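Treat the numbers as computed from the prediction; the structure is a model and nothing was measured. In what follows, chains are A, B, ... by sequence order, proteins preceding strands, each numbered from 1.
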Amino acid sequence: MAERKYWLFKSEPSTYSFTDLLNEEDQTAEWDGVRNYQARNMMRDDMKIGDGVLFYHSNAKPMAVVGTAHIVKEAYADHTSWDPKAKYYDPKSNPDSPTWMMVDIKGDERFAREITLPEIKVNPNLQNMLLIRRGMRLSVQPITKDEWDEIVSLGNDVDS
DNA sequence: GCCAACGTTGGC
DNA sequence: GCCAACGTTGGC
């Protein structure tokens, strides 16, 4: 059994929020629309069933990690990539040779309180997160177990 | 709404 | 293969 890994997924809540995920049937959704090779490679090569996912709201008020999820289906072809009506349609991708991949995630729990970007920026234990690197725009990114533990612990403690 | 950072595209 | 132009991300 490989060691559990941890990830942070960004989403603009005006497009798709954590509430939207929890409202899905079985709280499970296809994470489609990723059109960045680095992110695609991580989904394809590194994400395994059971890996932990922090759900982060970008371009939001507030910008914050709002809850947890986990991987329930490992990488497979993102069928929206060859759908001309899809927002992230890519004419170079097709069912015979899919360029883009996605995973499925299942929402777990909403934090008792949101852990905001400003809070992450000043937390000495979270200074290595890609999230706070200038210009780091990866929509899915790896985090360490320590970072996961820290944010989950803060998120579940209303008094922290 | 602005714009810095960065990935992608396409002419050469 | 270089690199300028362009588009997007996403914090501010």
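The nearest whole Å value for the distance from the CZ atom in Phe9(A) to the C1' atom in dT9(C) is 18 Å. Rounding to whole angstrom units, NZ of residue Lys10(A) and P of dG10(C) are separated by 4 Å. Per the geometry, OH belonging to Tyr88(A) stands 16 Å off C1' belonging to dT8(B), to the nearest Å. One can place CG of Asn59(A) at 11 Å from P of dC12(C), the figure rounded to the nearest angstrom. Atom CZ of Arg35(A) is separated from atom C1' of dG7(C) by 16 Å (rounded to the nearest Å). With rounding to whole Å, Tyr16(A) atom OH is found 21 Å from dG10(C) atom C1'. Rounded to an integer number of Å, the gap from OH of Tyr89(A) to P of dT8(C) is 16 Å. One interatomic measurement links the two molecules: CZ of Arg137(A) to C1' of dT8(C), which rounds to 6 Å at whole-angstrom precision.
In this structure, a donor-acceptor pair under 3.5 Å is absent between the side chains of Thr144(A) and Asp146(A).
Of the side-chain N and O atoms in Tyr56(A), none sit less than 4.0 angstrom from OP1 or OP2 of dT9(C).
If you check every strand for non-hydrogen atoms under 4.0 Å, Lys121(A) touches sugar and phosphate atoms only.
Distance check: Trp7(A) CH2 to Leu54(A) CG gives 12.5 Å after rounding to the nearest 0.5 Å.
A salt bridge is defined here as a Lys NZ or Arg NE, NH1 or NH2 lying under 4.0 Å from an Asp or Glu carboxylate O, and Asp26(A) with Lys106(A) meets this definition.
Trp31(A) and Phe9(A) have their aromatic ring centers within a separation under 6.0 angstrom.
Listed nucleotides dT8(B), dG11(C), dG10(C) differ in distance to Tyr37(A); the shortest reach to its side chain belongs to dT8(B). Candidate nucleotides dC12(C), dT9(B), dG7(C) were compared by shortest atom distance to the side chain of Lys92(A), and dT9(B) ranks first.
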